[in-house]
Structure formats: structure tokens, C-alpha cells
Amino acid sequence: MDVLIISGLSGGGKSKAASYLEDMGFYIIDNMPAAMILKFAEFCAGASSRYDRVALVYDVRTGSSPAELFGVLDQLKAMESSCRMLFLDASPETVIKRYKETRRRHPLSGQAGSLEEAVLRERELMEPVRQRADYVIDTSRLSTAKLRGELLRLFGDAAEKGGMAVSVTSFGFKYGLPMEADLVLDVRFMPNPFYIEELRPRTGLDSQVSDYVFSFQQTRGYLQRLEELLAFTLPLYAEEGKAVLVIAVGCTGGHHRSVAVTHALAEFIRQQGYQVTENHRDMGRGG
């Protein structure tokens, strides 16, 4: 069993981190007192595989002392389980700015005369926890995408660490753009197999159509330059923390040119080491 304690400052990014970890397969429980963590871990150890990866959010709201939490951590590490602690930090200026933007109430507002005093008081209370943490992430200048990427690097499994997933789909402009597309490529400049009678009823997945489309230098040159562009940009999207990149390739009807290019592009991206799904949205539509 893998137990991860998520702790940190209010406004430091714990909720966002918890949501990303949930997407990565962790079972999340928020605001759990230290005294209950051990009992829950014991329950998980004897339960189904659903609780193989558990992330428990611990912060100043629980009312537990750091010493109580440390005692629980020591007991968890003595059990046959992996137990780690992540601390989400941020500068006082950043936390204050985030609270002003959201207009939420700080958990220690009732014990302090101002928001700044509450933020500094919490930092003092949570410093021992920060010192004990296995991982500390300062989110002051970290975008949400960068935070997700860092969590993937630290806690993702082998498949997740392999990078983002890429979806390549063909479509016909006559039926509208795919709303989910991040990148849209227009291949209507390529010679159209639709005007070749024996090719018209076929699709870009048929070798006769694909051979025709790629028999032209302009098609081969375009694909070569497109592959060079993607070889450069895909790692940058992955580094930014993007989970799924959707590339849409369009021709007039979505039967021939876009299908052939999508199929070739998906194979190239797969060879680059990314998880790829290939879809043909309009290939089954009538002319």
C-alpha cells in the first residue's frame, strides 16, 4: 500500500495537488486528523485494491499537533507500506494574493487580527511539518500545468511518466471543426482522391488512396516538415504538464486526405514514444 500525506500552507495548492493525484489513481481523503490516519491505513491494508494508493490531506484545520502526526508517520513506516509526505509551500505574498483573489476566509482568521498575521502564524505552526516532509514544492511561481508535471514526475506510475497522451483525429471541414482540438491542420491543398472514380468509394486507410495521396511531393514535403515541428513541440507540451494533446487533421469531407495523413502522423508520434489514439470522425459519413 502506498500512503501519501499531503500537507502544506492554506493557499499553497493542496486542493489542486489532491485533484491531480486523484486523476493519477490515488484515493483522496481531505482534512483527516492525525489520530484517524493510522486507523484508516489499517483498514486500507485489509481492503480491496481500490485503496492501494491513498493520499490523505493534513493541514492546520485538523487541529492535530505536528508531534501527533510524526508519531503516526513513524508507525506507518513500520508497517509494510510506503509512506511519504508532500508539503505544498508558497511565499506569504503569494498566499495573501490568492486569498484576496478568491475572497475566501483563512482558517486562522479568527485567531489573528489580519490576513497577513494569519498567514505568518500558519507558516510558523506548519514549519515542523515542512521540515519533516519528503518532498517540498514551492508553488509561488508554479503554473497549475507545471504543478501537475512535477506531481507526475514524483508520484506517477511508469505509464504516466511516459508523457502526455496524444489524440490524432481526421475530420471534414464541411461538418465543422472538432471542438476539443488543440491543433488544427488543413490538408485541403493536397490533390483530392475524390475526383478519381475508382478511389472515391475508398478511404484514406486503403493503401490505394494512401499511395495516391503520398505520391505527390507536396504531400511528402508537408508531412516531413510537420514531423519536424511535432518532434520539437511535443516535448515542450509534455514539459508544460499537458495531459492530452488533440491534433485534428481536416480535408473537405474527412474521407481521404485527412484520414491518410492522420494515420501516418499517428504512427510517427507513436515512434516518438507517446501514447497515441487515432480517430476518424467523419470517415463513415456519406459524401
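Along the sequence shown, residues are numbered consecutively beginning with 1.
A salt bridge does not link Glu197 with Arg200: none of the charged nitrogens is closer than 4.0 Å to a carboxylate oxygen. Between Glu124 and Arg121 a salt bridge is recorded (basic side-chain N to carboxylate O distance below 4.0 Å). Taking the charged nitrogens against the carboxylate oxygens, Lys14 and Asp89 have no contact shorter than 4.0 Å, which rules out a salt bridge. Salt bridge Lys97/Glu101: present, at least one basic N to carboxylate O contact under 4.0 Å. Taking 4.0 Å as the cut-off between side-chain N and carboxylate O, Asp282 and Lys174 do not count as a salt-bridged pair.
A cation-pi contact, defined as under 6.0 Å to the ring centre and within 45° of the axis, links Arg132 to Phe70. Remark: Arg53 is not positioned above the aromatic ring of Tyr27, lacking an NZ or CZ atom under 6.0 angstrom from the ring centre and at most 45 degrees off the axis.
Linking Ile, Leu, Val, Met, Phe, Trp and Tyr whenever their side-chain heavy atoms come within less than 4.5 Å leaves Leu115 and Leu108 in two separate clusters. When the side chains of ILVMFWY residues are joined at heavy-atom separations under 4.5 Å, either directly or via intervening members, Tyr237 and Leu265 end up in a single hydrophobic cluster.
Here the straight-line distance linking atom CG of Leu205 with atom NE2 of His255 works out to 12.0 Å at 0.5 Å rounding. The CG atom of Leu56 sits 4.5 Å away from the CD1 atom of Ile5 when rounded to the nearest 0.5 Å. Note: Ser170 OG to Glu278 CD = 8.0 Å, rounded to the nearest 0.5 Å. Here NE2 of His263 is found 15.0 Å from CZ of Phe268. Values are rounded to the nearest 0.5 Å. Taken to the nearest 0.5 Å, the CZ atom of Arg188 stands 8.5 Å off from the CZ atom of Arg257.
Remark: Tyr135 pairs with Phe155 by the ring-ring contact (aromatic ring centres under 6.0 Å, His included) rule, at least two apart or across chains. With sequence neighbours left out, Arg84 forms a salt bridge (Lys or Arg N to Asp or Glu O under 4.0 Å) with Asp2.
Ring to ring, Phe171 and Phe173 are close: their centroids are under 6.0 angstrom apart.
In this structure a side-chain-to-backbone donor-acceptor pair under 3.5 Å is missing from Ser109 to Arg105. Side-chain atoms of His256 come within 3.5 Å of backbone atoms of Arg202 as a donor-acceptor pair (strictly under, hydrogens ignored). In this structure a side-chain-to-backbone donor-acceptor pair under 3.5 Å is missing from Asp74 to Gly71. A donor-acceptor contact shorter than 3.5 Å links the side chain of Glu122 to the backbone of Ser10. The backbone N or O of Ser140 lies less than 3.5 Å from a partner atom in the side chain of Asp138, making a donor-acceptor pair. With hydrogens and angles ignored, the 3.5 Å screen pairs no side-chain donor or acceptor of Asp59 with any backbone N or O of Ser7.
At a threshold of 4.5 Å between non-hydrogen side-chain atoms, the residues Leu245 and Leu234 count as touching. The closest side-chain heavy-atom distance from Val246 to Leu183 is not below 4.5 Å. Using a 4.5 Å heavy-atom threshold, the side chains of Glu180 and Ser167 count as separate. Using a 4.5 Å heavy-atom threshold, the side chains of Lys39 and Met36 count as separate. Counting only heavy atoms from C-beta outward, the side chains of Glu116 and Leu120 approach each other to under 4.5 Å. The side-chain heavy atoms of Phe194 and Cys251, taken from C-beta on, include no pair separated by under 4.5 Å. Residues Leu9 and Phe87 are in side-chain contact: their nearest non-hydrogen atoms beyond the backbone lie under 4.5 Å apart.
Below 30°, between 30° and 60°, or above 60°: for Phe216 and Tyr212 the angle between ring planes is above 60°, a perpendicular geometry.
Listed by first then second residue, pairs satisfying salt bridge (charged side-chain N to carboxylate O under 4.0 Å, His left out) with a partner in residues 207-220 number zero, not counting sequence neighbours.
For the residue pair Arg98/Thr139, the side-chain donor-acceptor check at 3.5 Å is satisfied. For the residue pair Thr94/Ser91, the side-chain donor-acceptor check at 3.5 Å is satisfied.
Crowding of Gln271 atom CD: a count of heavy atoms from other residues, nucleotides or ligands under 6.0 Å exceeding 12.
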